[in-house]
Amino acid sequence: MTSAPVAFLKGHGTENDFVIVPDPDNAVDLPADVVARLCDRRAGIGGDGVLHVVRSAAHPEARDMAGEAEWFMDYRNADGSVAEMCGNGVRVFARYLQHAGHITAGDAAVATRGGVKRVHLAKNGDVTVAMGRARLPEDGVTVTVGDRSWPARNVNMGNPHAVAFVEDLGHAGDLFTEPPYSPARVYPDGVNIEFVADRGPRHVAMRVHERGAAETRSCGTGACAVAVAAARRDGADPAATGTPVTYTVDVLGGTLVITERPDGEIEMTGPAVIVAEGRIDPAWLASARA
């Protein structure tokens, strides 16, 4: 256990906010209880998750990706649980790498538990992430809030999503707790649930309950899942037509632009901002581990 202060930064992508812990050599111990305390908005720094920045070669889960991506995004949800991917997190992670001088504007690669993600940092501040291909399992669920229920499309973006189209986003309720869904067996490890309302042609708005974090201001993989579900609902399939499909997705924290290409690759573009940096008091960190 280190007695020295631990560096941190705070960043957000469309107000999906993260505590960033630079740790190139994977020397900082971040058990679930410490992550949860860091993300606590009253007793800690506050965030929807932690971006643990580690060199791929130094992390056992990323060593086989070190040849493609120098840096590994060891992402944790706000409750301390490990997550496969976080789309907004990748954008903020890339912005941190640029901020720290590890990469420059242009193309870069980030290792994640969902595979290596390609990113492009534009000079206007936007970051585009190649999010991979969506999988569309046939088994969906029914999501219920109060006395309303909706069928939800099963979309997997490296992590699981249930996408429900609603008339009014207010029908999603407060989203403090996970909305019930059935059958539960479809998502044995939990699920991110998106509620989606139309705003115009190829333009939707969403709210999301993220597993392990409750409602968040934005969810990048969720926005991708929503765009794919909306495209299929609207009869658009780039693989069949050979034409890319782009949807604008409004989230509570801003706007993301999602493009699905004929080869199935999905690209997400949006802002990513570093807002602060500082040091975590070692005494507080020790108490969080107690």
Please identify each residue that fulfils side-chain contact (heavy atoms from CB on, under 4.5 Å) with [X], with sequence neighbours left out.
{"X": "Cys224", "result": "Met131, Met157, Ile258, Ile266, Met268"}
{"X": "Pro244", "result": "Thr259, Arg261, Pro262"}
{"X": "Pro188", "result": "none"}
{"X": "Asn124", "result": "Ala122, Asp126"}

Would you find a donor on one side and an acceptor on the other, under 3.5 Å apart, between the side chain of [X] and the backbone of [Y]?
{"X": "Asn77", "Y": "Asp79", "result": "no"}
{"X": "Ser218", "Y": "Asn16", "result": "no"}
{"X": "Thr112", "Y": "Gly114", "result": "yes"}
{"X": "Asp234", "Y": "Ala236", "result": "no"}
{"X": "Arg91", "Y": "Pro271", "result": "yes"}
{"X": "Asn192", "Y": "Arg211", "result": "yes"}

- Query: What residues, two or more places apart in sequence or in another chain, satisfy salt bridge (Lys or Arg N to Asp or Glu O under 4.0 Å) together with Arg153?
  - Reply: none

- Message: side chain to side chain donor-acceptor pair (under 3.5 Å), that's the test. Do Thr144 and Ser149 meet it? Break it down for me.
- Response: CA-CA 4 Å; Thr144 301; Ser149 295; 2.8 Å; yes

Ionic contact status for [Y] with [X], cut-off 4.0 Å:
{"X": "Lys117", "Y": "Glu84", "result": "no"}
{"X": "Asp48", "Y": "Arg76", "result": "no"}
{"X": "Glu267", "Y": "Arg118", "result": "no"}
{"X": "Arg217", "Y": "Glu15", "result": "yes"}
{"X": "Lys10", "Y": "Asp17", "result": "yes"}
{"X": "Asp33", "Y": "Arg289", "result": "no"}
{"X": "Glu215", "Y": "Arg207", "result": "yes"}

- side chain to side chain contact (heavy atoms under 4.5 Å, CB included) between Cys86 and Phe93, worked out: CA-CA 10 Å; Cys86 175; Phe93 189 95; over 6 Å; no

- Message: Tell me whether the NZ or CZ atom of Arg113 lies within the 45° cone about the ring axis of Tyr75 and under 6.0 Å from its centre.
- Response: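 Pair Arg113/Tyr75 does not count as cation-pi.
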
Which residue pairs satisfy the ring pair (Phe, Tyr, Trp, His ring centres under 6.0 Å) criterion with at least one member in [range], sequence neighbours excluded?
{"range": "residues 187-225", "result": "Trp150-Phe195, Tyr181-Tyr187"}
{"range": "residues 240-273", "result": "none"}
{"range": "residues 27-47", "result": "none"}
{"range": "residues 115-138", "result": "none"}

- Message: Among residues at least two apart in sequence or on other chains, which ones pass ring-ring contact (aromatic ring centres under 6.0 Å, His included) with Phe72?
- Response: His59

- Looking only at heavy atoms, what is the nearest atom pair of Ala7 and Pro22, with distance?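 Looking at all heavy atoms of both residues, the shortest contact is O-CD, 3.5 Å.
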
All N/O donor-acceptor pairs, side-chain side in residues 96-105, below 3.5 Å, sequence neighbours left out:
unit_1 : atom_1 : unit_2 : atom_2 : d
Gln98  : OE1    : Arg95  : NH1    : 2.4
His99  : NE2    : Glu277 : OE2    : 3.1

- Quick one: do Asp198 and Arg233 satisfy side chain to side chain contact (heavy atoms under 4.5 Å, CB included)? Show the steps, please. CA-CA 12 Å; Asp198 289 305; Arg233 180 203 61 174; 2.8 Å; yes

- Given side chain to side chain contact (heavy atoms under 4.5 Å, CB included), test Val34 with Leu285 step by step and report yes or no. CA-CA 7 Å; Val34 170; Leu285 195 58; 3.8 Å; yes

- Message: Suppose clustering is done on Ile, Leu, Val, Met, Phe, Trp and Tyr with side-chain heavy atoms closer than 4.5 Å. Which residues sit in the same group as Val273?
- Response: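 Val275, listed by chain and number.
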
- Any donor-acceptor N or O pair under 3.5 Å, side chains His52, Asp23: yes

- Item | side chain to side chain contact (heavy atoms under 4.5 Å, CB included) between Thr14 and Leu256, worked out | CA-CA 8 Å; Thr14 50; Leu256 296 167; 4.0 Å; yes

